[in-house]
Undergrad: 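Sharing a structure, written as structure tokens. Questions coming.
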Amino acid sequence: MQETYNNIDEALDALFKEVEMEHNDTSLALNAYHSVQKKLGLSAEKPLWGNVLRWSQRVALLLVLPLAIGFALLLSKTKQDIEWKEINVDNGAKQELTLSDGTSLVMYAGSRLTYPTSFDKKVREIFIDGEVYADVAHDKKDKPFVIYAGDVSIQVLGTKFNLKAYKGAEEVNVHLLEGSVRLDVKDGLHDSSYMVRPGQSVVFNRKDGTLKSYMFDVDTYRTIR
């Protein structure tokens with residue numbers, strides 16, 4: 001008898017589902033469910049409310065799941081859709097720019113800069129072909145700031161320096177005014193790193209892989225920038 005009851009319960013559940021889906025009317029589905037129960041002489045309490053509870057859970061799941069998925073997709077899309085911009089400086093000119101984190105840049109003649117409109121990653125990254133003077137803003141979360149220039153890169157947390165690294169030029173030159181930076185060379189032949197101190201200039205020769213350094217007067221250098 002119990003087996004027959006279970007089969008009827010499943011049949012009523014299927015009826016409820018079919019009417020609900022076809023007519024998009026919960027009240028109509030409940031009325032049909034109750035009517036069939038009455039004709040079969042079944043109790044209207046346990047089967048009905050058990051199914052109503054199950055359906056309430058299903059409806060809640062159907063409503064919440066798309067919202068959760070939609071939020072996750074939106075969050076993923078927001079992270080991936082970072083807008084990148086490019087600036088090209090004409091010969092004989094220079095251009096100033098403040099990035100979203102407060103970092104100030106001065107780009108010199110013939111330079112090209114590629115940068116994001118916002119920094120959402122763990123690392124603040126920009127790409128330069130040419131010469132740039134950077135006053136890097138300190139980040140509260142200590143996200144390092146990295147400037148890529150072909151086969152070399154400069155990594156800092158907060159400092160002022162000048163990087164001259166034109167594509168095709170034999171030498172890359174770094175002048176550090178404040179703070180500290182690390183010059184990384186990764187050209188497949190002369191991979192190396194060099195810590196630069198304030199008042200120090202480092203020159204990397206792309207042709208022979210040599211690194212040379214010398215001291216300069218920071219105050220005098222500021223006046224010519």
Side-chain angles (χ1 to χ4, degrees), residues 82-187 190-206 209-225:
I82 298 176
E83 183 182 357
W84 288 80
K85 291 188 175 182
E86 183 176 289
I87 292 179
N88 290 277
V89 184
D90 295 334
N91 291 327
K94 70 177 182 179
Q95 185 168 339
E96 298 182 7
L97 174 69
T98 300
L99 302 178
S100 62
D101 65 338
T103 294
S104 298
L105 302 177
V106 179
M107 292 166 291
Y108 295 92
S111 297
R112 179 177 63 190
L113 172 72
T114 304
Y115 68 99
T117 54
S118 64
F119 296 104
D120 294 330
K121 296 182 178 181
K122 294 181 180 180
V123 179
R124 295 174 289 170
E125 298 173 313
I126 64 173
F127 299 83
I128 184 75
D129 170 15
E131 183 177 3
V132 60
Y133 174 79
D135 182 354
V136 179
H138 182 76
D139 185 84
K140 293 181 179 179
K141 296 182 179 179
D142 288 336
K143 290 194 294 186
F145 191 98
V146 182
I147 298 181
Y148 294 98
D151 52 358
V152 301
S153 62
I154 298 291
Q155 180 169 324
V156 301
L157 286 175
T159 190
K160 296 180 181 180
F161 64 95
N162 193 85
L163 169 65
K164 190 174 183 180
Y166 286 95
K167 184 178 180 181
E170 187 172 301
E171 293 184 340
V172 174
N173 195 304
V174 179
H175 284 76
L176 179 62
L177 285 74
E178 295 179 12
S180 64
V181 301
R182 189 182 73 202
L183 172 66
D184 292 320
V185 178
K186 293 184 179 180
D187 63 357
H190 314 106
D191 293 2
S192 59
S193 295
Y194 193 89
M195 295 300 299
V196 189
R197 298 175 298 169
Q200 184 180 25
S201 177
V202 175
V203 180
F204 168 64
N205 188 298
R206 285 170 166 159
T210 58
L211 272 170
K212 296 180 181 180
S213 68
Y214 59 89
M215 304 305 293
F216 67 95
D217 185 85
V218 173
D219 292 332
T220 301
Y221 189 83
R222 289 182 193 273
T223 61
I224 64 174
R225 290 290 91 186

Undergrad: Is the shortest distance from a Lys or Arg side-chain nitrogen in D184 or K186 to a carboxylate oxygen in the other one below 4.0 Å?
TA: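 Answer for the salt bridge query: no.
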
Undergrad: Find out whether I126 and V132 are in side-chain contact, i.e. whether some heavy atom of one side chain is under 4.5 Å from a heavy atom of the other.
TA: no

Undergrad: Side-chain contact, heavy-atom cut-off 4.5 Å: N162 with Y108?
TA: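 Yes, side chains in contact.
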
Undergrad: Which heavy atom in V218 sits nearest to a heavy atom in G199, and how many Å separate them?
TA: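 The pair with the smallest heavy-atom distance is CG2-CA, 3.7 Å.
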
Undergrad: Quick one: closest heavy-atom pair of G179 and P198, and the distance?
TA: O-CG, 3.1 Å

Undergrad: Which atom names give the shortest non-hydrogen contact between V196 and L176, and what distance separates them?
TA: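 Heavy-atom minimum between the residues: O-CD2, 3.0 Å.
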
Undergrad: Between Q155 and P144, which heavy-atom pair has the shortest distance, and what is it?
TA: NE2-CB, 3.9 Å

Undergrad: How would you list, by chain and number, every residue that makes a side-chain contact (heavy atoms from CB on, under 4.5 Å) with D139, sequence neighbours excluded?
TA: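 Applying side-chain contact (heavy atoms from CB on, under 4.5 Å) to D139 gives R124, K141, K143.
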
Undergrad: To the nearest 0.5 Å, how far apart are NZ in K164 and CD1 in I128?
TA: 13.0 Å

Undergrad: Partners of N205 by side-chain contact (heavy atoms from CB on, under 4.5 Å), sequence neighbours excluded?
TA: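 Applying side-chain contact (heavy atoms from CB on, under 4.5 Å) to N205 gives E170, E171, K207, D208, T210.
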
Undergrad: Apply side chain to side chain contact (heavy atoms under 4.5 Å, CB included) to the pair S104 and Y133, showing each step before the final yes or no.
TA: CA-CA 8 Å; S104 298; Y133 174 79; over 6 Å; no

Undergrad: Supply the atom-to-atom distance L97 CG to M107 CE, rounded to the nearest 0.5 angstrom.
TA: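 Nearest 0.5 Å value for the CG-CE distance: 5.0 Å.
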
Undergrad: Could you go step by step and tell me if L105 and Y115 meet the side chain to side chain contact (heavy atoms under 4.5 Å, CB included) rule?
TA: CA-CA 11 Å; L105 302 177; Y115 68 99; over 6 Å; no

Undergrad: Distance check, rounded to the nearest 0.5 Å: N88 atom CG versus Q95 atom CD?
TA: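 Taking CG in N88 and CD in Q95, the distance rounds to 9.5 Å.
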
Undergrad: Using 0.5 Å steps for rounding, measure from the OG atom of S213 to the CZ atom of F204.
TA: 14.5 Å

Undergrad: For the backbone of T220 and the side chain of D217, can you confirm whether one donor and one acceptor N or O come within less than 3.5 Å of each other?
TA: yes

Undergrad: Could you walk me through whether S201 and N173 pass the side chain to side chain contact (heavy atoms under 4.5 Å, CB included) check?
TA: CA-CA 7 Å; S201 177; N173 195 304; 3.0 Å; yes

Undergrad: Mind checking whether F145 and L99 have side chains closer than 4.5 Å, heavy atoms only?
TA: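 Answer yes - side chains close enough.
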
Undergrad: Do the non-hydrogen side-chain atoms of M195 and R197 ever get within less than 4.5 Å of each other?
TA: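 M195 vs R197: side chains apart.
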
Undergrad: Short question: side chain of S192, backbone of V185 - any donor-acceptor pair under 3.5 Å?
TA: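 Answer holds: no.
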
Undergrad: Between CG of D90 and OG of S111, what distance do you get to the nearest 0.5 Å?
TA: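 Separation between the atoms: 11.0 Å.
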
Undergrad: Ignoring hydrogens, what is the shortest heavy-atom contact between A109 and Y166? Give both atom names and the distance.
TA: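 Scanning both residues completely, I find the closest heavy atoms to be O-OH, 2.6 Å.
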
Undergrad: Apply side chain to side chain contact (heavy atoms under 4.5 Å, CB included) to V181 and V136, showing your working.
TA: CA-CA 11 Å; V181 301; V136 179; over 6 Å; no

Undergrad: Distance check, rounded to the nearest 0.5 Å: I147 atom CD1 versus F161 atom CZ?
TA: 3.5 Å

Undergrad: Check whether any side-chain heavy atom of Y194 sits under 4.5 Å from a side-chain heavy atom of V174, and report yes or no.
TA: no

Undergrad: If you take all heavy atoms of G102 and A137, which pair is closest and at what distance?
TA: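 Taking every non-hydrogen atom into account, C-CB, 3.7 Å.
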
Undergrad: Has D129 got a side-chain atom pairing as donor or acceptor with R112's backbone, closer than 3.5 angstrom?
TA: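 No, D129 side chain to R112 backbone: no donor-acceptor pair under 3.5 Å.
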
Undergrad: Report yes or no: does T114 contribute a side-chain atom to a donor-acceptor pair with the main-chain N or O of E86 at less than 3.5 Å?
TA: no

Undergrad: Report the relative orientation of the aromatic rings in Y221 and H175; use parallel for angles under 30°, tilted for 30 to 60°, perpendicular for over 60°.
TA: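 Rings of Y221 and H175: parallel, under 30°.
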
